[in-house]
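Working notes, beginning with the structure itself.
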Amino acid sequence: HAADQQASTLSREACALVRYDIDAVSARIRKALAEHAKVPMRAADYETLAVELDSHFEALHTNLPTAGTQRAQASVLLSDMRDSVSLMRRAARLDAKRLAVHRIEQDHRLYELVLKTLDCAETPPSAAD
C-alpha cells in the first residue's frame, strides 16, 4: 500500500515536536541502560522508566502524521511501544520487562524509518549550529 500513497512531509514545526519526543525516548532508554550496565535494573527501575516514557508517547500520539500510510504505520508502532510500557509495569518477571525495553528500541528504529519517509529523519539543527 505504501507505493500507492503520495510522498508526504511533516511541517517543520510538527517535525521538531515529533523529533523532540522520539529523541527523548531514545535518550532516556540509553541513559537507563547505561546506568544499569553493571547492576541490572530492578522492577522499580522499570516502573520509573515507564513513567518517564509515558508523556513522550502521549505527545507522539498527539502529533501523529496526517498522511494515510505513515499515520497508520506510526500509530501501530506507537501502540506497540505503549504496550511495551504496560508490560514494563505489569510483568512479574524481570526478563519480560527487559524484553519490553528491547521492543521499544526496535519500534523506535522503525519509527525513525517512518519519519524518514516524511522528510523528518534527523534532528533539525539548533539555533547554535
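None of the values given here were measured: they were computed from a predicted structure.
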Q: Step by step, work out the salt bridge (charged side-chain N to carboxylate O under 4.0 Å, His left out) result for Glu112 and Arg19.
A: CA-CA 9 Å; Glu112 288 285 351; Arg19 289 274 16 132; 2.7 Å; yes
Q | Working for side-chain contact (heavy atoms from CB on, under 4.5 Å), residues His61 and Arg82 | A | CA-CA 10 Å; His61 178 74; Arg82 285 178 143 177; 4.0 Å; yes
Q.
Walk me through whether Leu49 and Met41 qualify under side-chain contact (heavy atoms from CB on, under 4.5 Å).
A. CA-CA 10 Å; Leu49 180 58; Met41 291 175 70; 4.1 Å; yes
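Leu17 CG to Ile22 CD1: the interatomic distance, rounded to the nearest 0.5 Å, is 13.0 Å. Note that OG1 of Thr62 and CZ of Phe57 are 13.5 Å apart. Values are rounded to the nearest 0.5 Å. Expressed to the nearest 0.5 Å, how far CD1 of Ile29 lies from CG of Leu53 amounts to 5.5 Å. Note that the CD1 atom of Ile104 and the CG atom of Leu77 stand 12.0 Å from one another [nearest 0.5 Å]. Atom CG of Asp119 is separated from atom CZ of Arg12 by 12.5 Å, given to the nearest 0.5 angstrom. Taking CG of Asp107 as the reference point, atom OG of Ser84 lies at 6.0 Å (rounded to 0.5 Å).
Under the side-chain hydrogen bond (donor to acceptor under 3.5 Å, both in side chains) criterion, Asp21 pairs with His56, sequence neighbours left out. By the side chain to side chain contact (heavy atoms under 4.5 Å, CB included) test, Leu94 is found to be paired with Ala43, Tyr46, Lys97, Arg98, residues two or more places apart in sequence or in another chain being considered. For the side-chain hydrogen bond (donor to acceptor under 3.5 Å, both in side chains) test, residues two or more places apart in sequence or in another chain that qualify with Asp54 are Arg89. With sequence neighbours excluded, no residue forms a side-chain hydrogen bond (donor to acceptor under 3.5 Å, both in side chains) with Glu35. Annotation: side chain to side chain contact (heavy atoms under 4.5 Å, CB included) contacts of Ala74 (sequence neighbours excluded): Leu64, Pro65, Tyr111, Val114. Arg30 pairs by the side-chain hydrogen bond (donor to acceptor under 3.5 Å, both in side chains) definition with Ser26, not counting sequence neighbours.
By the criterion of side-chain heavy atoms lying less than 4.5 angstrom apart, applied directly or through intervening Ile, Leu, Val, Met, Phe, Trp or Tyr residues, Val76 is not grouped with Leu78; the two fall into different hydrophobic clusters. Linking ILVMFWY side-chain heavy atoms closer than 4.5 Å, directly or via other members, places Met88 and Leu99 in two distinct hydrophobic clusters. By the rule that hydrophobic residues join a cluster once side-chain heavy atoms approach within less than 4.5 Å of another member, Val25 and Val51 end up as members of separate clusters.
Residues Tyr20 and Leu60 fail the side-chain proximity criterion, which asks for heavy atoms closer than 4.5 Å. Inter-residue side-chain proximity for Glu52 and Thr48 is flagged as met; some heavy-atom pair is nearer than 4.5 Å. You'll find the side chain of Leu87 reaches within 4.5 Å of the side chain of Arg103, heavy atoms only.
No side-chain N or O of Glu105 forms a donor-acceptor pair with one of His108 less than 3.5 Å apart. Side chain to side chain, Ser75 and Arg71 fail the donor-acceptor criterion of an N or O pair below 3.5 Å.
Counting only distance, with no hydrogens or angles, the side chain of Asn63 and the backbone of Ala59 share a donor-acceptor pair below 3.5 Å.
Taking each heavy atom of Ser86 and Arg90 in turn, the nearest pair found is OG-NH1, 2.8 Å. Among all heavy-atom pairs drawn from Lys38 and Pro40, the shortest one is O-CD, 4.0 Å.
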